There are 2 protein chains.
Amino acid sequence: MDIQPQNHTRCTELSQDKEFMESLQICLIDNQKANHLAEIFKALSDPTRLRIISLLLDNEVCVHVLESVLGMSQSSISHQLRVMRQLRLVRYRKEGRHVYYALDDNHVRLLFAQGLLHVEHEE
Amino acid sequence: MDIQPQNHTRCTELSQDKEFMESLQICLIDNQKANHLAEIFKALSDPTRLRIISLLLDNEVCVHVLESVLGMSQSSISHQLRVMRQLRLVRYRKEGRHVYYALDDNHVRLLFAQGLLHVEHEE
DNA sequence: GAACTTCATGAATAGATGAACATATATAGG
DNA sequence: CCTATATATGTTCATCTATTCATGAAGTTC
């Protein structure tokens with residue numbers, strides 16, 4: 001992807017190029033969508049939550065096991081799970097005293113994978 | 001994707017299933033990768049930055065135009081651009097008084113698009 | 001060189017976020 | 001009912017973040 005030089009030299013001119021400005025307005029996502037999207041990415045912006053997701057990629061896992069694999073307190077893991085639950089990144093299934101977590105849908109898996117690609121591409 | 005019920009009924013038993021625990025340890029991403037990935041997602045976790053990205057998807061745009069399309073102060077936009085610059089989400093090109101910004105690579109575009117899919121899928 | 005435009009930066013602040021700890025709920029077993 | 005286990009929630013406090021304002025640097029025009 002190469003940068004396409006604009007035919008304009010001054011911003012005052014650019015701003016007067018109504019056609020270009022209007023095309024930008026169409027590209028611009030609306031506030032509601034931006035906020036919602038930001039929430040999703042924010043949920044993915046914590047190392048602990050990402051580590052949890054990596055464990056849930058191929059497995060259904062209960063909280064206690066997450067606690068022992070991650071070596072963190074049950075409380076903090078539960079907090080993180082709630083965040084992801086509320087955004088429907090994960091879902092859970094109760095069985096007796098246990099709650100088994102899994103990724104909610106394939107979008108989460110794809111987002112995670114795409115992120116990993118970006119990170120690995122940078123190194 | 002269906003949740004696969006485990007053959008275990010108690011966590012104490014599960015934790016003693018060394019094979020399963022070891023397979024989880026293998027799934028778990030390491031701290032460094034988790035931190036790096038979290039940084040990328042954090043950069044995408046702000047509505048203003050997402051709106052900027054949406055404008056840069058197909059265009060190279062200078063700061064002043066971003067200011068006028070977004071209706072925000074030049075300073076706050078410049079601050080946000082710096083965040084994205086430092087994480088190599090965007091790159092810039094100087095031309096006289098103007099600085100033209102563009103997405104740095106296609107990974108950003110893909111991440112954004114994947115996120116949008118997730119959001120739209122939820123509605 | 002003086003005035004103006006574009007952009008970046010630093011400091012300050014209100015609001016959001018996160019970690020740690022205690023507590024609450026819910027189920028199972030006796 | 002009492003205890004133990006598994007999980008969820010609340011609270012407090014320190015830290016982080018986004019925005020605004022003030023300022024400065026660099027380029028342009030006259």
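Only a predicted model underlies this, so the values are computations on that prediction, with no experimental measurement involved. Labels below follow one simple rule: chain letters A, B, ... track the order of the sequence lines, proteins then strands, and each chain is numbered from 1. Hydrogens, waters and symmetry mates are skipped; everything else that's a heavy atom, side chains included, is used.
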- [ ] For A/E120 and A/L116, run side-chain contact (heavy atoms from CB on, under 4.5 Å): C-alpha distance rounded to whole Å, both residues' side-chain angles, the deciding distance at 0.1 Å, then the answer.
- [x] CA-CA 6 Å; A/E120 282 159 1; A/L116 262 190; 4.2 Å; yes

- [ ] Have a look at the helix from C/dG1-D/dC30 to C/dG30-D/dC1 and give the angle its two end axes make, five pairs each, rounded to 10 degrees.
- [x]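 That helix gives 20° between its end axes.
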
TODO: For A/S76 and A/S73, test the side chains for any donor-to-acceptor distance below 3.5 angstrom and give the result as yes or no.
DONE: yes

For [X] and [N], give me the distance from atom [atom1] to atom [atom2], rounded to whole Å.
X	N	atom1	atom2	value
A/L70	D/dT7	CG	P	13 Å
A/N35	D/dT17	CG	P	18 Å
B/M84	D/dT17	CE	P	15 Å
B/I52	D/dT19	CD1	C1'	13 Å
B/R93	C/dA8	CZ	P	14 Å
B/Y92	C/dT9	OH	C1'	14 Å
B/L50	D/dA18	CG	P	11 Å
A/I77	D/dT9	CD1	C1'	16 Å

How long is the gap from [atom1] on [X] to [atom2] on [Y], to the nearest 0.5 Å?
X	Y	atom1	atom2	result
B/E60	B/R91	CD	CZ	8.5 Å
A/R88	B/H118	CZ	NE2	9.0 Å
B/I53	B/T48	CD1	OG1	11.0 Å
A/D58	A/R109	CG	CZ	7.0 Å
A/L66	A/Q80	CG	CD	11.5 Å

Task: Candidates C/dA8, C/dT9, D/dA8 - which lies nearest the side chain of A/Y101 - done: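 Among C/dA8, C/dT9, D/dA8, the one nearest the side chain of A/Y101 is D/dA8.
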
Task: Below 4.0 Å: OP1/OP2 of C/dT6 and any side-chain N or O of B/H98 - done: no

Task: Considering all heavy atoms, the nearest B/G115-A/L111 contact - done: N-CD2, 3.8 Å

- [ ] Measure from NZ or CZ of B/R85 to the centre of the six-membered ring of B/Y92, then state whether that distance is under 6.0 Å and the direction lies within 45° of the axis.
- [x] yes

Task: 5' precedence on DNA chain D between B/M72 and A/E67 (nearest-nucleotide basis) - done: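 On the 5' side of the pair lies A/E67.
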
Task: Letter per nucleotide, 5' to 3', of nucleotides 18-30 of chain C [B base touched, S only sugar-phosphate touched, - untouched; heavy atoms, 4.0 Å] - done: -SBBB----BS--

